[in-house]
Every structure is written in structure tokens, then in C-alpha cells.
2 protein chains.
Amino acid sequence: MTKRPADPANGSEPAVRQVPMRDFSRSLPMSLLRAREAVMRQFRPSLREHGLTEQQWRILRALAALDTVEVTELARTAFLLGPSLSRILRDLEARSLIERKTPKADQRRSMVSISEKGVKLMASVAPSSEAIYAEITRRFGASKLVELQEMLGELELSLAGLGASEEASAEE
Amino acid sequence: MTKRPADPANGSEPAVRQVPMRDFSRSLPMSLLRAREAVMRQFRPSLREHGLTEQQWRILRALAALDTVEVTELARTAFLLGPSLSRILRDLEARSLIERKTPKADQRRSMVSISEKGVKLMASVAPSSEAIYAEITRRFGASKLVELQEMLGELELSLAGLGASEEASAEE
DNA sequence: GGAAGATACTTAACATGTTAAGTGAATGCG
DNA sequence: CGCATTCACTTAACATGTTAAGTATCTTCC
């Protein structure tokens, strides 16, 4: 209510706009980005108070659910790329929130699990986190939330197996 | 079809899982993240071929639509934080894809616009970008896409004015 | 008209995203 | 066995996300 899309009356050159494209602000990636940011904005302050970032929290939650996992599986679950996960695990281990051990059977692997300290930290964050999620659900509507998540899942499915290399089909 | 969620039959310690929480993989932030990644995965290769990142492309598109804007307005439009935008603009200017000039009336401001070179680059990327978007629309369904975006917009709206400071209400 | 406060950016510092390369440890196979 | 491949991670390098400071520049208001 305080600002408008820039006063159009300062024009000195003719509009550039020669490239026809969808209205930029209505692109799907943008909609998804804005929605996600609106949601995360609610959680960040609470996480921050507990000294956790969004990704660190994702990892702890994944570990609490999976108990003990190898790094690759954890990456898939927490939806993080290997390099990011590698760094974060190093830090979480330094803070004693997780534990790792290398199985003798395969020295390449590294089994990760949450520590007692990590469990306690989670317990201290969970209530506030759940409360925020409940408030979001209340505001947006529980059934709409379910519906939205279904659509997001369908979107993901309908794009599964499109870009990139596709594992193994017509190699090259 | 090649991997499963890790063989559960290697258990050595009793499940930790003492902190009750929603199923992690079904949290709203995660759903949004996964969906967005599924979409962006389609665009990144094409952008990359043209030497652009996702954010740089957002900025160029915003500039093509807005013609000439100040940095703050551009940040709002391209949905980038000031510091990120500042860095990217420095690089885009060095590559002569944008132009800046400081209005005499207010030396604090910086008016940004896309350059001829920038317009040409956009023209070379747009076709492929549009084709990808069309394919996504085809796969997911045009009407469902519209519906999804409406829901995302509603979600954003329903959370507008929740967290953080809220501009000016009960200052402290 | 001059100091305090607000603005519009920019820098800095640290964490993550993203791609490519590196490292050590299994595996496959002649 | 021996060597090329594949695996599971980790490092490296560069770009962005995020928060806090810093820097001019403009506005207010006495």
C-alpha cells in the first residue's frame, strides 16, 4: 500500500520489452519460491534461537526418523546435495549433535546417527516448530494444505524423468 | 527401481525416535522445495549453456519487463535479497548485460536497465525456456497448473503478516 | 543550517547450492 | 592376482542465501 511499480512517467527511452515472455512474476518457479519463503520465514526465527539452520534441522529430523543411515541415504532423505551434507555433518559432529562410525565391512561408508545431545536439542525445538506448523495449517486450512501437497507431489511426479541423463536408456 | 530405503535389518540399537513429529518427508517446506527443484532441474541446463544462473536470468527477465528500475524495486520483483542482488548486478554490469546510472536528483539511488547485449542474450534463451515451460505445462496439465499457482498465492497471502516484526504495530 | 534519523545501497562474514575434481576403498573380470 | 571401474564420500571453487555492519546521501525538525 505504500509503493507502486515505479512511476512510469520518467521514461526517457522507448520500452525495451522486445522479448515476449510470460509475465515473469507468475512463473511457476517464482510462485514456488515465494510460497516456500513465506513458509520458511515463519520457522527461521525459532530455529535460529536454538542455533540451527533450516538444513541442520532437516538433517536432525531425518536422523531422528531413520535412526542410523549412510550419508548417501541421508542426502536423499533430507534432500541435500552431497557436498552440502558433507560440510554440515562435519559441523554437527563437531557440536556433538550427531555421531558417525565406519562399518568394517565397507570402509567407504559412514554411518550417521543422532546423539543424545541431538535428541535433547530436537526435543527443545519441536514444540515451537509444531506450534508454528499448526498455525500455518489453521490459517491456510487443513484440507487445502493436504490438497496443495498432493498437487506438489503430482507435479514432481509428472516431471520425474525429464531433464538430464535419465540413468540408463540411450547412453552417450 | 534400483535402490530401496536401506535395509532395515541391520539394526543394532533400539530406535531413537523419542521426539514425536510429523512425518518429515511430508512437511510443507519439503514439498515446496522438492517441487521447485523438480521444475528448476528442467531449466538449469539450458540457462547454463547460455552462461546464466537462475538468479541472473530472473534479473534479466525482470529488467525486460520493467525497463528501468531502482535496485530496491528490482530486488522486490526478482525476489532477491539486497546483498545477493548487489553482487549479481556487479557481475552483470561487468559483462555488459545491464547498465546503471545514478540520477542527479538522488545520488543514493541507482537506476538499472538491461543493455542491448542483454536483450540479445534474452532473445537467444527465451525460445528454449518457453519450450521447457510449455512441456511442463503439458505434462502437469494447464488447468492444474493454474490451480496450483492460485493455491500458492493463497498460501502466501494467508501467511502475509505473521512472523517477524510486521513493519509498525507494537514497536518495542 | 546543522545535527539526528531515515534511505538506498554496498560490504562483510558465514552457511548453503551447484558442479567438477579428488581420494580411498570395493568390485569386476581377464 | 592385477588393473580398470565403480562407489561413497570429501574437497575445491564459485555463486547465492542470510544477517549484520558500514557508507553515502537525503530529510526532518528545531
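Protein chains get the first letters and strands the later ones, always in sequence-line order, with residue 1 at the start of each. What you see below is based on every heavy atom in this structure, not just the backbone, and it leaves out hydrogens, waters and symmetry mates.
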Reported CE-to-CG distance for the pair B:M151 and A:L152, which is rounded to 0.5 angstrom: 8.5 Å
Looking at [Y] and [X], is there a salt bridge between them, counting it only when a charged N and a carboxylate O are closer than 4.0 Å?
X      : Y      : result
A:R44  : A:E49  : no
A:K144 : A:E147 : no
A:R90  : A:E93  : no
B:R139 : B:E135 : yes

Contact under 4.0 Å: [X] side-chain N or O vs [N] OP1/OP2:
X     : N      : result
B:T53 : D:dT16 : yes
B:T72 : C:dC9  : yes
B:Q55 : D:dG17 : yes

Take A:S128 and A:S46, measure what side chain to side chain donor-acceptor pair (under 3.5 Å) needs, and give me the verdict at the end. CA-CA 7 Å; A:S128 138; A:S46 164; 2.6 Å; yes
Strand contacts (DNA chain C) in residues 84-92 of chain A, 4.0 angstrom heavy-atom criterion: A:S84, A:R87, A:I88
Do A:L33 and B:L32 have side chains that get closer than 4.5 Å, going by heavy atoms? no
Would you indicate whether the side-chain heavy atoms of A:Y133 and A:L145 approach each other to under 4.5 Å? yes
Give the rounded distance in Å between these two atoms: [atom1] of [X] and [atom2] of [N].
X      : N      : atom1 : atom2 : result
A:R76  : D:dC9  : CZ    : C1'   : 14 Å
B:F79  : D:dG17 : CZ    : P     : 10 Å
A:L80  : D:dT10 : CG    : P     : 13 Å
B:R109 : C:dA6  : CZ    : C1'   : 12 Å
A:E37  : D:dT16 : CD    : C1'   : 13 Å
B:E70  : C:dT10 : CD    : C1'   : 16 Å
B:L52  : D:dA15 : CG    : P     : 13 Å
B:E73  : C:dC9  : CD    : C1'   : 15 Å

Nearest to the side chain of B:R44, heavy atoms from C-beta on, is which of C:dT19, D:dC9, D:dT18? C:dT19
Counting heavy atoms from C-beta on, name the nucleotide in D:dC9, C:dT19, D:dT16 closest to the side chain of A:L81. C:dT19
Can you check each nucleotide of nucleotides 20-27 of chain D against protein heavy atoms at under 4.0 Å and return B for base, S for sugar-phosphate only, - for none, in 5' to 3' order? B----BS-
I'd like to know if the side chain of A:T77 reaches the main chain of A:E73, judged simply by a donor and an acceptor atom lying under 3.5 Å from each other, with no hydrogens or angles considered. yes
